[in-house]
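Chain naming here is simple, since letters A, B, ... match the order of the sequence lines and numbering starts at 1 in each. Note that the structure is a prediction, hence the values are computed from the model and not measured.
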Protein chains: 2
Amino acid sequence: MEEQLDADAEVVAGPDLPSARVPLSEERIVEAALSFIDGHGLAGLTMRRLGQRLGVEAMSLYRYVPGREAMLDLVVQSMIDQLQEDAEVLRRPENGWQDFVQRLAHGVRRVALMHPRAFPLVASRPPEAPWLRPPLRNLDWVETFLAGLHQEGFDDVTCAGAYRAFTSFLLGHLLLEVANHGADVGPLDVLEDDGDPSRDGLERYPTVLRLREPLSQDHAAVEFEESLEELLERMALMLSETSSG
Amino acid sequence: MEEQLDADAEVVAGPDLPSARVPLSEERIVEAALSFIDGHGLAGLTMRRLGQRLGVEAMSLYRYVPGREAMLDLVVQSMIDQLQEDAEVLRRPENGWQDFVQRLAHGVRRVALMHPRAFPLVASRPPEAPWLRPPLRNLDWVETFLAGLHQEGFDDVTCAGAYRAFTSFLLGHLLLEVANHGADVGPLDVLEDDGDPSRDGLERYPTVLRLREPLSQDHAAVEFEESLEELLERMALMLSETSSG
DNA sequence: ACCTGAACACCGTTCAAGT
DNA sequence: ACCTGAACACCGTTCAAGT
C-alpha cells in the first residue's frame with residue numbers, strides 16, 4: 001500500500017523545489033502515470049485524475065504527451081529504461097553466456113516485481129516488430145542479448161530460437177507472478193474476501209479442494225530459478241548441436 | 001477478416017428466426033461481444049455499439065448482464081467453455097498422463113488461435129484464486145488436470161508444481177503467439193506499415209538487423225510442440241523423484 | 001511560454017416511463 | 001415482459017482564449 005496518493009494534487013517533495021513551480025514535462029507526467037498505476041491500477045488512470053495529481057488541468061498534459069494511449073507506451077518505455085540504468089544488467093557476457101542470460105532475466109524480473117500492476121502493460125501492448133517480443137521491448141536489450149549469444153558461438157538461427165524461448169519463459173513466469181501479487185483488477189475495487197473461506201464452492205472439485213494449500217503457496221521465486229536453469233540447459237543443448245552440426 | 005460486422009445491426013440469420021424477434025439473452029449478448037472483439041478488438045467494444053449490433057439500445061443490455069466488466073468475464077468464460085464442448089479434451093487420462101496433458105494443451109491452444117484478439121483477456125483478467133491461474137481459469141479443467149495426474153501417481157505437491165509449470169508454459173507461449181497474429185492494439189487502428197521496410201532505424205543494432213529474417217519467421221507451432229515435450233520430460237522427472245523419494 | 005475554460009463527441013449506468 | 005428516453009457523472013481531446 002502507498003499513501004500520498006489521495007486527492008491533494010501536490011507532488012511529494014523529496015529533494016525537489018517547493019513543488020507547485022516545477023514546470024510540467026513529459027518525464028514528470030510519465031513518472032506520475034507510472035506511480036499512479038503502481039498505486040491504483042491501470043483502470044483508474046484518467047487524464048483528468050492524472051492532471052489533478054500534478055496540480056494541473058487535464059488539457060495541459062497534451063502539450064507534452066500526444067494522448068493517453070501514447071502516454072501508456074511511454075510508461076512502458078520508462079519501466080524498461082529502468083533496466084538500462086541498472087548497469088550490471090546490460091554488460092556483455094564476461095563469465096559465459098549463462099551468467100549473462102541470468103543477469104538479464106533477473107533484471108527483468110526485478111522490474112516486474114517493482115511494478116506488479118504496471119507490468120502487464122509491458123506484456124500486453126502489441127509488439128511493434130518480431131524482434132521486440134514482450135517483455136523484451138527494447139532494441140538495446142535485444143541487441144545485447146543476440147550479440148552476446150552470437151559472440152559466444154551461437155549461430156543466427158539458434159540465436160533467434162533462444163530469443164523466442166527466453167521471451168516466452170519470461171512472459172509466462174512474470175505475468176503469473178505479478179498476477180498473484182494482485183495485478184490488474186477491473187475498475188478500482190480490490191477483490192474482497194467473502195468472509196467464510198471454507199464455503200468456496202469447491203465441493204464438486206475434491207482434488208482442487210485437497211490441493212488448496214500446496215496450490216496457494218508462492219513458489220514463484222524458486223520456480224523462476226529452476227525454469228531459468230532448464231532454459232539454460234536447453235540453450236546449452238542448442239549450442240552443442242550448433243557446433244557439431 | 002469477417003464481414004457482417006458493419007453498422008446494420010441485424011443478426012445474421014443462420015437457421016434462426018427472421019431475427020429482429022429473437023429476444024435478447026445473456027448468451028446472445030456474450031456471443032456478440034466475443035465476435036465483436038474477434039473482429040474489432042477489445043478497445044472498440046462499447047455497450048452502445050454492442051447494443052447497436054444486436055438491434056437494441058445499450059440500456060437493454062443491463063437487463064441480462066450486470067455491466068461491462070462483468071460481461072467481459074462472461075466472454076472469458078464462454079471462450080473457456082468452448083473447450084468443454086470439445087469432448088476429446090477433457091477426458092481423463094487413458095493413454096498415460098503425457099497424452100492427457102498434450103490433449104489439454106492443444107485444446108487451450110486451439111481456443112487461443114480461434115480468438116487471438118480475445119485471448120489476452122483470458123490471460124490478463126485477475127485470477128480469482130491460486131487454483132485458477134490463467135489461462136486455465138476453469139475449475140473443471142483444473143480438477144481434471146490435477147485428478148488426472150494424481151491418478152497417474154503424482155503426489156499432491158508435485159501435482160501443484162506441475163500445474164504451475166503447465167500454466168506458465170501455456171501463458172507465455174500462447175500470449176506471444178496470438179500477439180504475433182495481431183492481438184490487442186490500442187484503439188481501433190491496425191498497425192500500418194511505414195512503406196519502406198529497409199529504413200527501420202536498426203542501424204545502431206547490427207545483430208538485430210542481421211537476424212531480422214530468422215526473428216521474423218513464425219515458428220510458434222513447432223516451438224509449442226518442443227516446449228511441451230520438454231515440459232513433459234520435466235514432469236516425468238518430477239514423477240520419478242516422487243516414486244523414489 | 002505555459003496553462004485553462006468551454007465545448008464536443010463519446011462513454012457506462014440508472015430509472016422512470018413507455019408498449 | 002421487454003425495451004427505451006432522458007438524464008447523470010464521467011471520459012479523451014481540441015482550440016481559442018487567458019496570463
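Close to D:dC10, at under 4.0 Å from its OP1 or OP2, lies no side-chain N or O of A:Arg49. Under 4.0 angstrom from either OP1 or OP2 of C:dC10 there lies no side-chain N or O belonging to B:Thr46.
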Validation: residues 103-114 of chain A side-chain donor-acceptor distances under 3.5 Å, sequence neighbours left out:
{"unit_1": "A:Arg103", "atom_1": "NE", "unit_2": "A:Glu88", "atom_2": "O", "d": "2.9"}
{"unit_1": "A:Arg103", "atom_1": "NH1", "unit_2": "A:Asp99", "atom_2": "OD2", "d": "3.0"}
{"unit_1": "A:Arg103", "atom_1": "NH2", "unit_2": "A:Arg91", "atom_2": "O", "d": "2.4"}
{"unit_1": "A:Arg103", "atom_1": "NH2", "unit_2": "A:Arg92", "atom_2": "O", "d": "3.4"}
{"unit_1": "A:His106", "atom_1": "ND1", "unit_2": "A:Gln102", "atom_2": "O", "d": "3.0"}
{"unit_1": "A:His106", "atom_1": "NE2", "unit_2": "A:Glu225", "atom_2": "OE1", "d": "3.0"}
{"unit_1": "A:His106", "atom_1": "NE2", "unit_2": "A:Glu225", "atom_2": "OE2", "d": "2.9"}
{"unit_1": "A:Arg109", "atom_1": "NE", "unit_2": "A:Glu177", "atom_2": "OE1", "d": "3.0"}
{"unit_1": "A:Arg109", "atom_1": "NE", "unit_2": "A:Glu177", "atom_2": "OE2", "d": "3.4"}
{"unit_1": "A:Arg109", "atom_1": "NH2", "unit_2": "A:Glu177", "atom_2": "OE2", "d": "2.6"}
{"unit_1": "A:Arg110", "atom_1": "NH1", "unit_2": "A:Asp86", "atom_2": "OD2", "d": "2.5"}

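Here B:Phe119 and B:His115 keep their ring centres 6.0 angstrom or further from each other.
Pair assignment for C:dC10: none, as no Watson-Crick or G-U wobble contacts are both less than 3.5 Å. Nucleotide D:dG5 has C:dC15 as its partner under the Watson-Crick or G-U criteria, with both atom distances under 3.5 Å.
In this structure, CD of B:Gln52 is placed 17 Å from P of D:dC3, rounded to the nearest angstrom. Here the P atom of nucleotide D:dC2 and the CD atom of B:Glu26 are 14 Å apart, to the nearest Å. Going from atom CE of B:Met71 over to atom P of C:dC11 covers 13 Å, rounded to whole Å. In this entry the distance linking OH of A:Tyr64 with P of C:dA1 reads 12 Å, nearest Å. Distance, A:Glu57 CD to C:dT4 C1': 6 Å, rounded to whole Å. Taking atom CG of residue A:Leu42 and atom C1' of nucleotide D:dG12, one finds them 15 Å apart after rounding to whole Å.
Results of the side-chain contact (heavy atoms from CB on, under 4.5 Å) test with B:Trp131 over A:Thr207, A:Leu209, A:Leu202, A:Leu211 single out A:Leu202 as the only residue that passes.
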Run the salt bridge (Lys or Arg N to Asp or Glu O under 4.0 Å) check on B:Arg133 and B:Glu128 step by step: do they pass? CA-CA 8 Å; B:Arg133 291 161 61 103; B:Glu128 287 137 48; over 6 Å; no

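Proximity of B:Met79 to B:Val122: side-chain heavy atoms (C-beta onward) are separated by under 4.5 Å at one or more points.
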List every contact pair, protein side and nucleotides 13-16 of chain C side both N or O, where the distance is under 3.5 Å.
{"unit_1": "C:dT13", "atom_1": "OP2", "unit_2": "B:Tyr62", "atom_2": "OH", "d": "2.8"}
{"unit_1": "C:dT13", "atom_1": "OP2", "unit_2": "B:Arg68", "atom_2": "N", "d": "2.8"}
{"unit_1": "C:dT13", "atom_1": "O5'", "unit_2": "B:Tyr62", "atom_2": "OH", "d": "3.3"}

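Below 30°, between 30° and 60°, or above 60°: for A:Phe169 and A:His173 the angle between ring planes is between 30° and 60°, a tilted geometry.
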